[in-house]
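Values below: every heavy atom of this structure, side chains too, minus hydrogens, waters and symmetry copies. Throughout, a chain's letter reflects where its sequence line sits, starting with A, and its residues are numbered from 1. Values in this document were obtained by computation on a predicted structure and should not be read as measured data.
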Amino acid sequence: MALYDNMNDRQKEAMLCTEGPLLIIAGAGSGKTRVLTHRIAWLIESGITDPWHILAITFTNKAAGEMRQRVDSLVKEGADQVWVATFHSTCVRILRRFIDRIGYENGFTIYDTDDQKTLMKQVFKDLRIDPRSFRERNVLAAISSAKNELIGPDAFAKEAVGYAEEKQAECYREYQNRLHKNNALDFDDLIMMTVKLLKACPDVLDYYRNRFRYILVDEYQDTNTAQFRLVELLAGGHRNLCVVGDDDQSIYKFRGANIENILNFEEAFPGAKVVKLEQNYRSNGNILEAANSVIRNNRGRRDKKLWTEQETGEKIRVMRFETAQDEADAVSSEILKASGGIHYSSFAVLYRTNAQSRLLEEKFVTKGIPYQLVGGVNFYQRREIKDVLAYLRTIANGSDDIAVRRILNVPKRGIGNTTADKIADFAAANGISFWQGLLDAPGAGIAGRADAKIRKFTDMIEEFRRKSADMPLDKLIAMVAADSGYIESLKEEGEIEAESRIENIDELISKAASYEAEGQDLSDRTEEGLPADLPLLNRFLEEVSLVADIDSLDEDSEKVTLMTLHAAKGLEFDEVYMTGMEDGLFPGNRSIDDPKELEEERRLCYVGITRAKRRLTMTSAKSRMINGETRWSNESMFVREIPEELKERADRSASSAFRKSVQPSYSGGYGNGASGRTGSSGGSGSPAHRYPWESASFASSGDPGRKRPAPAFGKQFQVVKADHLDYAEGDRVRHTRFGAGTVLKIVDGGRDFEVTVDFDGHGVKKMFAGFAKLQKL
DNA sequence: TCGAGAATTGTTTTT
DNA sequence: CAATTCTCGA
């Protein structure tokens with residue numbers, strides 16, 4: 001059978017166009033993985049290139065694994081030679097080999113978010129920054145976005161304006177120094193340092209350009225600037241770059257993803273060919289229609305429209321409940337009934353925030369429905385796992401101060417914070433690592449009993465190190481967990497929780513065993529010329545630090561899948577429940593006033609809808625507990641954006657949900673949030689409802705004195721651009737919700753003006769002029 | 001040094 | 001509400 005049997009014309013075109021830059025706009029369910037894998041197969045089978053010269057980059061290990069598997073089954077020989085990996089692991093592999101060229105040691109450690117926070121705490125202490133005035137998280141977020149934009153500490157400092165940014169710059173510099181001292185990289189460094197390396201070392205760049213003659217990038221809409229630069233560098237010579245993505249599924253802006261990468265691909269790679277895949281093979285007609293009618297409300301997108309040859313299918317079922325409990329109860333009951341006690345794996349329940357999973361889980365447990373939860377607390381982030389891994393990190397990399405400090409007194413050894421701080425100060429003053437500081441405790445003014453305790457600790461670690469050299473990974477972990485006294489201290493607790501912690505450690509041990517068993521095939525690494533002495537331990541640590549939640553999803557298990565909308569991208573299910581479809585939750589309160597954010601939420605909604613193959617149900621609750629307080633909210637504007645004729649009301653309490661007499665306090669969807677905290681929701685104690693189809697016009701009750709013309713349904717968010725604004729940069733303006741503020745910037749964004757305003761007490765917000773209805777003061 | 005209870009704070013979303 | 005951090009007494 002030829003490779004292009006069963007492919008449509010567009011798909012074939014995308015598969016066969018192998019030379020030069022190519023952008024494949026692949027709508028949801030249009031068979032993009034298929035095109036990618038077949039393209040790789042074609043490159044090999046047709047003799048265009050050797051598997052060795054192909055690089056395929058994904059975002060998750062799961063996607064990489066699937067791609068590898070599918071290529072394997074398509075290609076007779078050499079599939080294992082294709083480099084299929086995530087962005088992060090690709091970078092790790094490059095850095096492991098060459099990072100010494102830019103002043104790090106090749107055995108570096110990867111810090112996760114926890115480690116980053118710990119490190120930042122130290123930085124705050126060092127720079128005498130009050131953690132109440134700046135939050136670690138915020139500074140880290142600023143640093144992360146800087147790194148995503150390839151802005152190093154120096155450039156950041158140069159750009160810094162004002163006290164806050166200057167402080168952040170100081171923190172960034174110090175944070176980076178400490179990472180370097182600890183011989184550690186954070187997630188963002190992995191990309192940034194690889195770019196730095198390739199820019200600094202032309203020979204290394206040449207090597208990889210020759211190695212990767214054909215490059216494919218999946219989920220291109222999620223790439224950030226650093227990743228873009230990386231790809232651009234690697235493809236710089238031959239320009240055989242094929243990227244696949246869907247701008248409508250760009251949902252990772254918060255993580256630095258830059259949608260411009262896909263929107264402006266042809267400008268970055270002149271002469272690029274563009275192929276659009278618009279035929280959807282996944283969903284029924286109604287589902288696709290619904291998806292189209294929601295996403296059509298976005299402005300910054302490439303023109304496209306999905307179509308299908310499949311039957312129209314059922315209508316979208318819309319349900320509204322009194323409380324979130326009712327919602328969870330109904331969803332679980334329905335699934336129980338509809339599944340017939342089997343086929344649970346054809347169901348997915350999606351939600352906006354992880355916190356929403358709790359109620360659902362409870363109901364699933366009581367009804368005995370098997371389910372699997374994706375996300376929440378990652379296995380490798382659990383305390384006991386992190387503790388054990390910190391031991392391993394200490395063994396592997398003595399400079400990893402964070403790891404050493406973490407386990408110094410875990411389990412309790414009677415070495416308290418006072419002692420540890422003394423060591424830390426001493427180490428800092430002498431420019432040595434914390435570990436070295438421990439070795440010279442007397443130098444730090446620690447003697448007698450305290451010193452003896454420290455000695456016991458360092459001796460133990462050194463013993464572990466000696467033994468680790470010739471010991472299988474799983475045995476090593478078992479030994480560390482036992483000999484350190486960690487297991488014993490858990491047993492002494494004697495609680496159920498301790499029991500499950502021990503089980504988790506056992507699981508880690510078996511994971512290590514299977515890693516070791518699989519890991520014998522090191523061809524990709526040895527051929528890459530990696531130092532042969534890079535111990536298995538280091539590679540294991542590296543592997544576990546790059547594991548994502550979604551990687552653990554088992555699609556064949558007979559279980560219902562519970563996960564966030566984000567986690568659902570790339571997956572498909574016969575029946576999908578989108579829960580918590582409420583204004584304020586989805587779209588979230590933060591996005592409602594910011595058009596860019598709102599569009600991102602809408603894309604997320606689009607992703608959710610297009611996961612469904614046969615049946616889609618959207619549910620919402622009038623009231624739900626959030627942070628210990630009951631919140632009331634309207635049905636999500638996204639539900640309202642789906643035309644009535646595609647929907648079917650399946651409420652149990654339809655009468656109360658559809659009373660037409662409810663107070664119309666819908667304020668155009670923006671401003672005075674119809675959902676608020678208990679007791680503060682604009683005076684009307686009862687939930688405020690207004691469905692677009694109930695009335696031809698919207699009353700802007702939250703904004704007295706102004707009225708907008710009644711938009712036709714479906715176009716309610718398309719605001720006509722004003723030909724001029726009655727305010728300018730520097731002017732003071734008033735917003736219905738945020739009050740007074742100063743206009744910082746006005747940019748003509750084509751269809752509307754994009755106005756940046758610094759609101760007194762609310763911070764800087766960006767808004768479209770047509771939506772914001774700002775009044776000059 | 002360490003644990004228990006108080007206080008505080010928070011939510012998107014995660015490689 | 002719940003998870004995390006802080007404070008204080010032994």
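- Within 4.0 Å of A/E597, counting heavy atoms only, lies at least one base atom of the nucleic acid.
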When you check every protein heavy atom under 4.0 Å of nucleotides 1-10 of chain C, what one-letter string (B, S, -) results, 5' to 3'? BSS-S-----

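- Taking the centre of each ring, A/Y351 and A/H566 stay at or above the 6.0 Å mark.
- In this structure, A/R631 atom CZ and B/dT11 atom P are separated by 13 Å, rounded to whole Å.
- Along DNA chain B, the nucleotide nearest to A/R413 and the one nearest to A/F59 differ in position, and the one closer to the 5' end is contacted by A/R413.
- Contact annotation: A/R137 side-chain N/O to B/dT9 OP1/OP2 distance is not under 4.0 Å.
- For A/F59 and A/F87, the gap between ring centers is short of 6.0 Å.
- The side-chain ring of A/F254 is not stacked on the base of B/dT14, judged by centre separation under 5.5 angstrom and plane angle under 30 degrees.
- Taking every side-chain heavy atom of A/T60 into account, B/dT15 is the closest of B/dT15, B/dT11, B/dT14.
- Formation of a donor-acceptor pair under 3.5 Å by the A/R96 side chain with backbone atoms of A/F108 is found in this model.
- When rounded to the nearest whole Å, the span between CG of A/N148 and P of B/dT15 equals 14 Å.
- Classified by interplanar angle (parallel below 30°, tilted 30° to 60°, perpendicular above 60°), the ring pair A/Y208/A/F212 is parallel.
- With respect to A/E582 and A/R631, no salt bridge is recorded, no charged nitrogen being found less than 4.0 Å from a carboxylate O.
- Backbone-only engagement by A/R135 is indicated by non-hydrogen atom pairs under 4.0 Å involving sugar-phosphate atoms exclusively.
- Contact annotation for A/G414: backbone-only contact, meaning every heavy-atom pair under 4.0 Å involves sugar-phosphate atoms and none involves a base.
- Across B/dT13, B/dT11, B/dG10, the shortest atom-to-atom separation from the side chain of A/T564 is found for B/dT13.
- Looking at residues two or more places apart in sequence or on another chain, you find a side chain to side chain donor-acceptor pair (under 3.5 Å) between A/K62 and A/E66, A/E555.
- Within 4.0 Å of A/E600, counting heavy atoms only, lies no atom of the nucleic acid at all.
- Every side chain to side chain donor-acceptor pair (under 3.5 Å) that A/R413 has, sequence neighbours left out, goes to A/Y391.
- As judged by a 4.0 angstrom heavy-atom cut-off over every strand, A/T113 is placed among residues making no nucleic acid contact.
- Whole-Å rounding puts the A/N61 CG to B/dT14 C1' distance at 13 Å.
- For A/D115 and B/dT15, the CG to P distance is 16 Å, given to the nearest whole Å.
- The nucleotide whose nearest atom lies closest to any side-chain atom of A/F187 is, among B/dT11, B/dT14, B/dT15, B/dT15.
- With rounding to whole Å, A/H88 atom NE2 is found 9 Å from B/dT15 atom P.
- Close to B/dC2, at under 4.0 Å from its OP1 or OP2, lies a side-chain N or O of A/N409.
- Geometrically, A/K147 does not engage A/F187 in a cation-pi contact defined by less than 6.0 Å to the ring centre and at most 45° from the axis.
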Quick one: what's the B/S/- string for nucleotides 3-8 of chain B, heavy-atom cutoff under 4.0 Å, read 5' to 3'? S-----

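- In this structure, A/A420 and A/A567 both approach DNA chain B, and ranking their closest nucleotides by distance from the 5' end singles out A/A420.
- Remark: A/R393 engages A/D115, A/D400 in a side chain to side chain donor-acceptor pair (under 3.5 Å) (not counting sequence neighbours).
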Taking distance alone, no hydrogens or angles, what donor-acceptor pairs closer than 3.5 Å link side-chain atoms of residues 446-454 of chain A to residues at least two apart or in another chain?
{"residue": "A/D451", "atom": "OD1", "partner": "A/R455", "partner atom": "NH2", "Å": "3.0"}
{"residue": "A/K453", "atom": "NZ", "partner": "A/G414", "partner atom": "O", "Å": "3.3"}

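- Summarising the geometry, the separation between CG on A/L546 and P on B/dT14 is reported as 17 Å, rounded to the nearest angstrom.
- The phosphate of B/dT14 has OP1 or OP2 within less than 4.0 Å of a side-chain N or O from A/N354.
- In this structure, CD1 of A/I251 is placed 9 Å from P of B/dT14, rounded to the nearest angstrom.
- Between the CG atom of A/D222 and the C1' atom of B/dT13 there is a distance of 12 Å, given to the nearest Å.
- Salt bridge A/E327/A/R624: present, at least one basic N to carboxylate O contact under 4.0 Å.
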